[in-house]
K.L.:
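Sending over a structure as structure tokens; questions will come in a sec.
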Amino acid sequence: MGSLELEGSDEEGIAKRLWNKFKNERALALYSPFVVCLASGALDPNAFLHCISQDVYFLQAFAQAYELAEEYADDEEDKEAIVKLRKRVLKRLRNQDELIREWGFEPPKENDCNNATVKYTEFLMETASGKVGGEKFSVKIVTPFEKTKLAAYTLSAISPCMRIYSFISKEIQALLNLDDTENIYKKWLNSLSSQKFEASASSIEDLLDKLSISLTGEELDVVERLYHRAMKLELEFIWSQPVVQQTIVPFSRIHNSAEDNLIIFCDFDLTCTAIDSSALLAELAIIAATNVSEPPVPSTDIRTTWNNLFEQYVEEYRQCIESITPSEADGDKSPQVEGLDYEGLCKALEQISDVEKSATSRVVDSTVLRGLNLAEIRRAGERLTFQDGCRRFLQDIMESKSSMKEVHVLSYCWSGDLIKSALQSGEENVFNVHSNDLVYKDSISTGEMIRKMDSPMDKLRAFNNVINCSSNSVKPSTVYIGGSVGDLLCLLEADIGIVIGSSSSLTRLGNHFGISFVPLFPGLVAKHKELAETGSLIHKGPSNVLYTVSNWDEIYAFILGQ
């Protein structure tokens with residue numbers, strides 16, 4: 001059904017489904033310089049006043065749009081709901097100066113309309129006037145019933161703006177509730193989190209849901225496009241707000257000179273990809289053994305071999321993790337250290353590495369990787385499915401105007417050729433791959449492997465080699481993105497270590513040795529406070545704090561921004 005197949009259950013209205021569908025825009029709003037400064041309490045008051053001074057233009061546009069929407073609605077109950085929304089806007093407009101004083105500030109004497117405000121308000125008025133997609137509907141040929149869709153279009157151009165501010169305020173409020181220091185913008189944030197504001201946002205969404213019930217699939221597509229356009233224009237407004245102080249976001253912009261560049265490191269399997277590469281290579285090996293071997297090996301036999309190898313590894317790995325971090329028994333918790341026990345973590349990782357190395361040795365000794373065709377591996381890499389948003393991030397970061405052009409992939413993957421083909425863009429491969437490699441004879445694998453990346457220590461060694469080989473006189477800033485136990489040492493060594501995914505063994509091991517896992521947005525707010533207070537973000541040795549994200553959209557917003 002195309003764009004109608006939105007996220008969420010069938011019982012959800014279109015407003016909620018669209019809000020969920022365009023969730024990547026939420027991250028762009030949250031990780032903007034203005035919002036991060038606002039959340040930290042370090043936002044320059046003049047920047048705040050400039051932002052809220054634009055409310056006048058937004059409210060005036062809302063009021064005019066509601067007036068037109070009321071004319072389009074053919075149901076008395078809908079008309080009444082729209083009138084109520086318009087009255088709320090007009091009341092807010094009348095009381096704007098008084099509200100600003102209640103928030104603790106003097107209303108600005110000058111409030112010129114900025115370009116981003118103009119773009120949104122013009123878009124809203126064009127939509128409310130019936131000019132959708134560049135063509136104005138003729139009132140003469142539109143029946144009262146058909147005109148209802150114009151009311152839905154108008155509401156779709158307003159709804160995401162209200163919801164974005166509600167979302168931002170609630171995210172920040174969650175931090176303030178845990179923070180003893182007073183944020184001077186707390187009263188304003190309280191107003192955006194208030195029952196009145198939420199009631200207005202919900203009323204708009206409820207009305208949009210109701211007005212959209214009778215729309216055709218084509219008309220619902222228009223609602224979606226208008227909703228998305230409104231959201232993008234609101235994001236443009238948030239990002240256009242002048243922030244005079246140095247900010248931690250976007251991270252690439254504070255490291256965009258030749259003297260102070262940024263290097264991105266990331267894991268590959270289940271960090272970039274949706275599946276583990278070993279499973280893909282196993283399937284290719286099963287096909288190769290069945291088709292190429294003389295005499296042919298039954299696929300059931302080779303699959304049984306692979307399953308046995310995998311099950312043995314899983315059981316040994318489980319036992320190793322259990323021996324390092326015993327499960328809670330009889331209500332007693334396993335020992336928890338204060339702060340980072342780096343030495344203890346390294347010893348534990350050596351035990352885990354022994355398990356990993358033994359498993360890889362068994363794979364090599366079994367010769368199950370023999371017979372793989374290099375061309376087939378490369379084709380499989382080209383078709384490899386990535387995590388949502390990952391490929392866009394990697395491509396855009398290499399195309400960005402920032403001087404930061406280095407991306408290094410550190411992986412336990414058995415085939416560097418698989419990774420390179422998966423990451424290749426056009427004719428050029430601009431990514432640096434550090435992994436193991438299969439041995440080939442006439443482009444057919446012998447079953448042997450060049451083992452360069454077998455342990456967390458190997459990854460850390462490669463990480464440090466990249467840093468030490470940097471041509472800059474100043475040590476480059478680093479971000480490491482990973483999601484497995486093998487990434488832990490690099491995650492801790494990087495200036496910013498980002499954990500993506502939900503590896504229970506990584507979390508369990510990290511908690512046991514004193515690592516704190518903090519969601520990225522609250523972590524960046526805390527780091528921005530540090531930046532505001534000290535003027536720098538000096539990194540001294542391994543940190544005990546790692547930042548967690550649920551998707552690549554957050555990483556994109558943090559590093560690259562809008």
Side-chain angles (χ1 to χ4, degrees), residues 251-252 255 260-273 277 340-350 352-353 356-357 360 390 393-394 397-398 403-414 416 419-420 423 429-437 450-501 503 506 509-510 513 515 517 520 537-549 555 558-559:
F251 201 61
S252 61
H255 303 285
D260 184 25
N261 70 321
L262 172 65
I263 301 177
I264 304 293
F265 296 85
C266 69
D267 182 33
F268 185 69
D269 287 326
L270 301 180
T271 294
C272 293
T273 66
S277 64
L340 176 63
D341 179 8
Y342 190 77
E343 184 178 348
L345 175 63
C346 288
K347 289 179 179 178
L349 290 174
E350 287 176 359
I352 297 171
S353 297
E356 299 275 6
K357 290 176 181 178
T360 303
C390 176
F393 170 78
L394 293 174
I397 206 165
M398 297 310 300
S403 64
M404 179 276 300
K405 290 290 183 183
E406 286 192 62
V407 176
H408 292 261
V409 178
L410 279 56
S411 174
Y412 286 171
C413 177
W414 297 330
I419 299 177
K420 291 171 186 174
L423 296 174
N429 197 321
V430 293
F431 298 96
N432 303 280
V433 176
H434 311 261
S435 71
N436 304 300
D437 285 300
I450 301 171
R451 296 167 66 173
K452 298 176 288 187
M453 203 65 66
D454 259 351
S455 70
M457 287 64 76
D458 290 337
K459 284 196 171 187
L460 183 60
R461 193 176 303 112
F463 178 95
N464 287 328
N465 285 341
V466 171
I467 303 302
N468 294 334
C469 291
S470 173
S471 58
N472 286 5
S473 57
V474 179
K475 180 183 176 182
S477 295
T478 55
V479 173
Y480 191 97
I481 305 158
S484 69
V485 168
D487 299 312
L488 268 172
L489 295 182
C490 291
L491 285 165
L492 294 170
E493 190 64 34
D495 294 302
I496 302 285
I498 300 177
V499 177
I500 187 169
S503 169
L506 181 148
L509 204 65
F513 289 102
I515 296 172
F517 295 92
L520 182 59
L537 292 169
I538 298 174
H539 183 66
K540 298 179 180 179
S543 168
N544 71 323
V545 177
L546 298 181
Y547 302 100
T548 61
V549 297
I555 297 171
F558 160 53
I559 295 177

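Here the structure is a predicted model, which is why all the values come from computation and not from measurement. When reading the values below, keep in mind they use all heavy atoms of this one structure, side chains included, and skip hydrogens, waters and symmetry mates. Heads up: numbering here begins at 1 and tracks the sequence.
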K.L.:
How far apart are the closest heavy atoms of Leu492 and Ser543, and which atoms are they?
P.N.:
CD2-O, 2.9 Å

K.L.:
Does some side-chain heavy atom of Ile352 sit less than 4.5 Å from a side-chain heavy atom of Leu509?
P.N.:
yes

K.L.:
With side-chain contact (heavy atoms from CB on, under 4.5 Å) as the criterion, how do Asp267 and Tyr412 come out once you've worked through the C-alpha distance, each side chain's angles and the decisive distance to 0.1 Å?
P.N.:
CA-CA 8 Å; Asp267 182 33; Tyr412 286 171; over 6 Å; no

K.L.:
Can you find a heavy atom in the side chain of Val499 that is under 4.5 Å from one in the side chain of Asp487?
P.N.:
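Not touching, per the 4.5 Å side-chain cut-off.
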
K.L.:
Contact between Thr478 and Phe463 at the side-chain level, heavy atoms closer than 4.5 Å - yes or no?
P.N.:
yes

K.L.:
On a heavy-atom basis, which atom in Gly483 and which in Ser503 lie closest, and how many Å separate them?
P.N.:
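Looks like O-CB, 3.1 Å.
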
K.L.:
If you take all heavy atoms of Ile263 and Pro476, which pair is closest and at what distance?
P.N.:
CD1-CG, 3.7 Å

K.L.:
Do you know the tightest heavy-atom contact between Ile397 and Val407?
P.N.:
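Reported closest heavy-atom pair: CG2-CG2, 3.8 Å.
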
K.L.:
Could you check whether any side-chain heavy atom of Leu488 comes within less than 4.5 Å of a side-chain heavy atom of Pro456, counting everything from C-beta outward?
P.N.:
no

K.L.:
Any donor and acceptor pair, going by atom type alone, linking the side chain of Thr273 with main-chain N or O of Leu270 inside 3.5 Å?
P.N.:
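Indeed, once roles are kept as given, a pair shorter than 3.5 Å links the two residues.
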
K.L.:
Working to the nearest 0.5 angstrom, can you tell me the gap between Met453 CE and Cys413 SG?
P.N.:
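So the gap between those two atoms works out to 11.0 Å.
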
K.L.:
Could you tell me the separation between the CD1 atom of Ile467 and the CD atom of Glu493, rounded to the nearest 0.5 Å?
P.N.:
8.5 Å

K.L.:
Out of curiosity, Leu520 CG to Phe558 CZ, how far, rounded to the nearest 0.5 Å?
P.N.:
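One gets 6.0 Å once the value is rounded to the nearest 0.5 Å.
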
K.L.:
Give, for atom OG of Ser435 and atom CH2 of Trp414, the distance between the pair rounded to the nearest 0.5 Å.
P.N.:
12.5 Å

K.L.:
Taking Asn436 for its side chain and Lys452 for its backbone only, find out whether a donor-acceptor pair lies under 3.5 Å.
P.N.:
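Yes: the side chain of Asn436 pairs with the backbone of Lys452.
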
K.L.:
Given side chains that start at C-beta, do those of Ser353 and Asp454 come closer than 4.5 Å, heavy atoms only?
P.N.:
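Answer no - side chains too far apart.
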
K.L.:
Where is the tightest heavy-atom contact between Ile498 and Leu491, given as atom of each residue plus distance?
P.N.:
O-CD2, 3.4 Å

K.L.:
Is it the case that the side chain of Ser252 and the backbone of Ile559 share a donor-acceptor pair, with hydrogens and angles ignored and the cut-off at 3.5 Å?
P.N.:
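It does hold such a pair.
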
K.L.:
Quickly, which of Ile264, Ile496, Val409 forms a side-chain contact (heavy atoms from CB on, under 4.5 Å) with Ile481? Name it, please.
P.N.:
Ile264

K.L.:
Are Leu349 and Leu345 close enough that some pair of their side-chain heavy atoms sits under 4.5 Å apart?
P.N.:
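Answer yes - side chains close enough.
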
K.L.:
Check whether Asp437 reaches the backbone of Gly416 with its side chain - one donor and one acceptor, N or O, closer than 3.5 Å.
P.N.:
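Flag set: sc Asp437 to bb Gly416 pair under 3.5 Å.
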
K.L.:
Taking only Lys NZ, Arg NE, NH1 and NH2, and the carboxylate oxygens of Asp or Glu, determine whether Arg451 and Asp458 approach each other closer than 4.0 Å.
P.N.:
no

K.L.:
Give me the atom names and distance for the closest heavy-atom approach of Ser411 to Asp269.
P.N.:
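Closest approach of Ser411 to Asp269, heavy atoms only: OG-OD2, 4.2 Å.
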
K.L.:
Kindly check if the number of other-residue, nucleotide or ligand heavy atoms within 6.0 Å of NZ (Lys347) is above 12?
P.N.:
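No, because the 6.0 Å sphere around NZ of Lys347 holds 12 heavy atoms or fewer from other groups.
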
K.L.:
Going from CZ on Phe393 to SG on Cys266, what distance comes out if it is rounded to the nearest 0.5 angstrom?
P.N.:
8.0 Å

K.L.:
Distance from Ser484 atom OG to Phe268 atom CZ, nearest 0.5 Å?
P.N.:
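Those atoms lie 13.0 Å apart.
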
K.L.:
Which of parallel (below 30°), tilted (30 to 60°) and perpendicular (above 60°) describes Phe265 and Tyr480?
P.N.:
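Parallel, since the angle between the ring planes stays under 30°.
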
K.L.:
Do His434 and Lys459 come within less than 4.5 Å of each other through their side chains, counting heavy atoms only?
P.N.:
no

